[in-house]
2 protein chains.
Amino acid sequence: MLPQFNSAFSIDCVIFGFDAGELKILLIERNEEPFKDWWALPGNIVGENESLDQSASRILHELTGLGDIYMEQYYTFGDVARHPQGRVLSVAYYALIRLGGDKALKPISNYAKQAYWVNIKELPRLAFDHQQIFDKGLEKIKRRIKHQPIAFELLPEKFTLTQLQNIYELISDKKLDKRNFRKKMLSFGVLKDLDEKQKGVSFRAATLYRFDKRKYAKLFGKEISF
Amino acid sequence: MLPQFNSAFSIDCVIFGFDAGELKILLIERNEEPFKDWWALPGNIVGENESLDQSASRILHELTGLGDIYMEQYYTFGDVARHPQGRVLSVAYYALIRLGGDKALKPISNYAKQAYWVNIKELPRLAFDHQQIFDKGLEKIKRRIKHQPIAFELLPEKFTLTQLQNIYELISDKKLDKRNFRKKMLSFGVLKDLDEKQKGVSFRAATLYRFDKRKYAKLFGKEISF
DNA sequence: ACAAAAGTGTTTGATCTACACCCATGC
DNA sequence: GCATGGGTGTAGATCAAACACTTTTGT
């Protein structure tokens with residue numbers, strides 16, 4: 001009864017990173033048909049013995065060498081003609097990763113020539129329906145950042161309040177008031193002041209903070225509005 | 001390259017209805033293996049030339065005779081062993097429908113013996129991973145009701161403020177203050193007072209309202225917090 | 001000394017919460 | 001006339017928004 005026609009399912013990932021004050025996503029240059037040489041979101045066909053979450057983690061790991069990353073499934077794209085070679089459902093995930101330091105991207109596996117971080121405001125034309133997948137992913141994190149502490153996933157462990165505000169501004173696409181932002185953020189009590197200053201900057205060094213997951217966990221249930 | 005193993009995808013629907021002061025979902029009694037005679041969410045394998053949204057609407061229409069219903073995809077379940085006969089991804093949708101009047105359920109198609117409305121607090125054991133699918137669906141509408149006007153989808157066109165409050169209480173699972181609730185709801189300006197009273201009740205008749213979609217549409221972009 | 005970003009409070013208006021009684025109707 | 005739900009206002013607390021100057025540091 002089961003498979004009545006040829007079909008498959010794939011995962012596509014929108015992997016956000018914060019670097020040099022810009023919000024970027026990871027794109028690959030495809031090395032296979034269809035859409036050979038096009039830019040695309042990292043993605044892959046799901047393996048026979050792989051759950052969706054596993055498959056998403058694998059793709060991310062293969063491209064970045066990173067594991068234990070915040071990823072979330074957010075939508076499934078299933079238009080009949082979205083893939084030229086057959087019926088392929090795509091389950092979309094987003095991830096938020098720390099680009100701090102100099103974690104190089106891994107030299108890429110078979111399905112991509114190379115991977116690059118691209119500013120979300122300067123995306124090239126994308127393969128398949130990947131523009132649509134990206135759009136919906138961005139929309140999701142815009143909503144989610146208001147109620148969940150996802151901004152911290154994009155920052156190094158130690159960060160300044162200005163960096164944090166920067167991320168909120170980039171994702172929500174509005175300017176925020178510095179004083180009000182700090183007051184509110186600190187009022188939640190989930191930022192730990194590290195008694196430590198930024199180094200290597202040519203101006204007054206800012207205080208470093210860490211996101212305190214334990215304290216956040218204790219708030220669970222209480223709706224937070226960042 | 002495409003289909004490397006036998007797989008298929010299905011849709012499962014959590015169809016919420018509000019009836020006699022209770023929040024219910026539609027369950028079917030399965031008439032096919034696997035899980036023959038078990039209770040399950042309405043669902044079906046997606047057809048070859050059917051998009052996911054189309055498939056979800058079709059399932060709902062076949063069971064209830066209703067069309068033009070608010071449905072939304074909310075999650076895709078893809079554990080390797082979730083279906084005993086092979087690899088079957090399930091894309092889950094929820095719908096909110098007006099049970100008002102006496103729309104009977106259609107006598108059921110092949111895959112179900114019968115369909116029933118079941119109070120969400122008294123669900124039987126469900127087939128497959130349907131309990132998990134339901135749980136996530138309920139969680140979704142709990143969140144969504146705070147920001148989107150989905151409660152109105154469950155009510156007849158003309159409704160009283162008490163009925164509306166009732167739905168908020170059932171979904172969010174808390175008691176609300178009557179005065180505060182009314183003040184807030186009316187303050188959005190999306191309820192139209194119909195200058196008309198409830199009929200056939202054995203106590204003071206309540207004013208009927210209608211949800212004004214046009215006015216709501218004009219608020220678009222502004223975040224509402226119901 | 002200047003450039004660059006860090007850091008810091010107060011006022012005003014809006015919104016949220018808690019709370020209790022009289023009203024209209026059908027029986 | 002009584003039972004049932006309909007309908008209404010206020011005070012206090014909390015939260016959100018607007019707004020500008022001084023401090024620190026490196027060059």
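- Between dG7(D), dG5(D), dG7(C), one nucleotide has an atom nearer to the side chain of R182(B) than all others, and that is dG7(D).
- Taking atom CG on N180(B) and atom P on dA20(C), their separation rounds to 13 Å, with Å as the unit.
- Ring-plane geometry between F128(B) and H130(B) is classed as tilted, the angle between the planes lying from 30 to 60 degrees on a 0 to 90 degree scale.
- Residues V46(A) and S51(A) form no side-chain contact, since every pair of their non-hydrogen atoms from C-beta on lies 4.5 Å or further apart.
- Note: CG (L186(B)) to C1' (dT15(C)) measures 16 Å, nearest angstrom.
- We find that CZ of F181(B) is positioned 16 Å from P of dA18(C), with the value rounded to whole Å.
- In this model, no side-chain donor or acceptor of K184(B) finds a partner on the base of dT17(C) within 3.5 Å.
- Of the options F211(B), Y216(B), Y168(B), a ring pair (Phe, Tyr, Trp, His ring centres under 6.0 Å) to F152(B) is made by F211(B) and by none of the others.
- Between dA17(D), dG7(D), dT25(C), one nucleotide has an atom nearer to the side chain of A206(B) than all others, and that is dG7(D).
- Regarding Q198(B), its CD atom lies at a distance of 11 Å from the P atom of dG26(C), rounded to whole Å.
- Non-hydrogen atoms lying under 4.0 Å from DNA chain D are contributed by T162(B), all within residues 159-177 of chain B.
- Side-chain contact annotation: R182(A) with T162(A), donor-acceptor N/O pair under 3.5 Å present.
- When only modelled atom types and interatomic distance are considered, E72(B) and Y70(B) share a side-chain donor-acceptor pair under 3.5 Å.
- Heavy-atom nearest nucleotides on DNA chain C were determined for T207(A) and for K183(A), and the one closer to the 5' end corresponds to T207(A).
- Atoms NZ (K178(B)) and C1' (dC22(C)) sit 11 Å apart, rounded to a whole Å.
- Not a single donor-acceptor pair, N or O on each side, falls under 3.5 Å between the base of dT25(D) and the side chain of K197(A).
- Rounded to an integer number of Å, the gap from F226(B) CZ to dC16(C) C1' is 17 Å.
- I224(B) has its CD1 atom 12 Å from the P atom of dT15(C), to the nearest Å.
- Aromatic ring pairs are classed by plane angle as parallel below 30°, tilted from 30° to 60° and perpendicular above 60°; the pair F9(A) and F9(B) is perpendicular.
- Annotation: of the two residues near DNA chain D, S202(B) and Y209(B), the 5′-most nearest-nucleotide partner is S202(B).
- Comparing R204(A) and R179(A), the nucleotide of DNA chain C nearest to each residue sits closer to the 5' end for R204(A).
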In a table with atom names and distances, give each donor-acceptor pair under 3.5 Å that connects a side chain of residues 201-210 of chain A to protein atoms at least two apart or in another chain.
residue	atom	partner	partner atom	Å
T207(A)	OG1	K197(A)	NZ	3.1
R210(A)	NE	E157(A)	OE2	3.2

